[in-house]
Structures are given as C-alpha cells and as structure tokens.
Amino acid sequence: SRLPKYIKDPQEAVNFFMPQMRFKDREIVKCLCLSRKCTVISVETVSIGSLNSSIVHPREVFKTAIKKSAASIILCHNHPSGDPTPSKEDIDITKNIYEAGSVLGIELLDHIIIGDARWISMKQLKLMK
C-alpha cells in the first residue's frame, strides 16, 4: 500500500493497515513513525509471530522510531482469529511501550488491533496508560 501523507485519527490508520493485515495467518506487528505534524515518515514491520502470538519488546518498536527521528508512533497488529479483542498480553505490552515512549520522548498515539473487517483502538478503549 502507498503510504498516506498524514494520519490524524485511528480510522485513517485502520484504512491504511486493514487491507494489508486482515487476512494474514500469523500475528504481525507494525509501527507507523510520525513527525511532529503527524506526517508519515515510515512504516516498519516490528515482528512476525507464530500462528497465535507475537512477542514485542519496546526496544524493537523504538529502534526505528529513534533512527527516523519520529515524534510519535502508532502501533498496529492483527489477530489472525479475526477477533480484535485485546488480550491481557496486548494490554500489558501497550502499557510498557507507552511508558518507554514517555521516557524516550516518542509518544505512543495509539495501538490498533486489526481483526476480520473489525478493529479496536486501545486509545479509544482507554487501555493506554
């Protein structure tokens, strides 16, 4: 998919990620790096998991963000089951990445989970902090 110029809300991020991630047979974690004005700098694949899990460390998430001088990031991963409901692990990882970003000065704007034509925003569900 072509990179969007700006991402201003969860729906715009979903419009970009949904077509490329909804039918994957394993969990893939992607990181969207954004400038101060929310222009898209890059999209990186952070990890590719097994059929039902993906382990993500904050260092992998922020390695590219630091190199690209990103001001903020949006994390996105898919649930191959098609159900985007966040697991306890998803919530814990999001909190860890949010905290790491606070220390680094790179804000985690949202963590989006893609299912089959359904999605959730961890920010909208207030599961970020």
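Sequential numbering from 1 along the given sequence is applied to the chain's residues.
- In the hydrophobic clustering of this structure, Val43 does not group with Ile41; members are Ile, Leu, Val, Met, Phe, Trp, Tyr whose side-chain heavy atoms approach within less than 4.5 Å, directly or through other members.
- When all heavy atoms of Pro19 and Asn15 are compared, the pair lying nearest together is CD-O, 3.3 Å.
- Here the side chains of Gln124 and Pro10 are in contact, with some heavy-atom distance below 4.5 Å.
- The line from CD of Glu60 to CD of Glu44 is 13.0 Å long, rounded to the nearest 0.5 Å.
- Of all heavy-atom pairs between Ala117 and Arg22, the closest is CB-NH2, 3.4 Å.
- Taking both residues in full, the closest heavy atoms of Phe62 and Ala100 are given as CE1-CB, 3.8 Å, listed atom of the first, atom of the second, then distance.
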Using atom types as modelled, flag every donor-acceptor pair under 3.5 Å from a side chain in residues 108-115 to any protein atom, sequence neighbours excluded.
| unit_1 | atom_1 | unit_2 | atom_2 | d |
| --- | --- | --- | --- | --- |
| Asp110 | OD1 | Ser121 | OG | 3.1 |
| Asp110 | OD1 | Met122 | N | 3.3 |
| Asp110 | OD1 | Lys123 | N | 3.0 |
| Asp110 | OD2 | Ser121 | OG | 2.7 |
| His111 | ND1 | Thr94 | OG1 | 2.6 |
| His111 | NE2 | His77 | ND1 | 2.8 |

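- The side-chain heavy atoms of Val56 and Val46, taken from C-beta on, include a pair separated by under 4.5 Å.
- For the pair Asn78 and Phe17, the minimum side-chain heavy-atom distance is 4.5 Å or more.
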Side-chain donor-acceptor pairs under 3.5 Å in residues 64-75, sequence neighbours left out?
none

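- One side chain, Asp90 or His79, offers a donor N or O that lies under 3.5 Å from an acceptor on the other.
- Put simply, NZ on Lys30 and SG on Cys76 are 9.0 Å apart, with the number rounded to the nearest 0.5 Å.
- Distance check: Glu99 CD to Met128 CE gives 11.0 Å after rounding to the nearest 0.5 Å.
- In terms of hydrophobic clustering, with Ile, Leu, Val, Met, Phe, Trp and Tyr side chains grouped at heavy-atom distances under 4.5 Å, Phe23 and Met21 are assigned to different clusters.
- One N or O on the side chain of Arg118 and one on the backbone of Gly82 form a donor-acceptor pair closer than 3.5 Å.
- The closest donor-acceptor contact from the side chain of Gln20 to the backbone of Phe16 lies under 3.5 Å.
- Using a 4.5 Å heavy-atom threshold, the side chains of Val61 and Cys31 count as touching.
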**Request:** Run the numbers on Lys95 and Ile91 for side chain to side chain contact (heavy atoms under 4.5 Å, CB included), then give the verdict.
**Result:** CA-CA 6 Å; Lys95 287 178 179 170; Ile91 294 165; 3.9 Å; yes
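- Note that OG of Ser47 is 12.0 Å distant from CZ of Arg26, once rounded to the nearest 0.5 Å.
- The nearest pair of heavy atoms linking Asp92 to Lys88 is OD2-NZ, 2.6 Å.
- Side-chain contact, Asp83 with Thr85: a donor N or O sits under 3.5 Å from an acceptor N or O.
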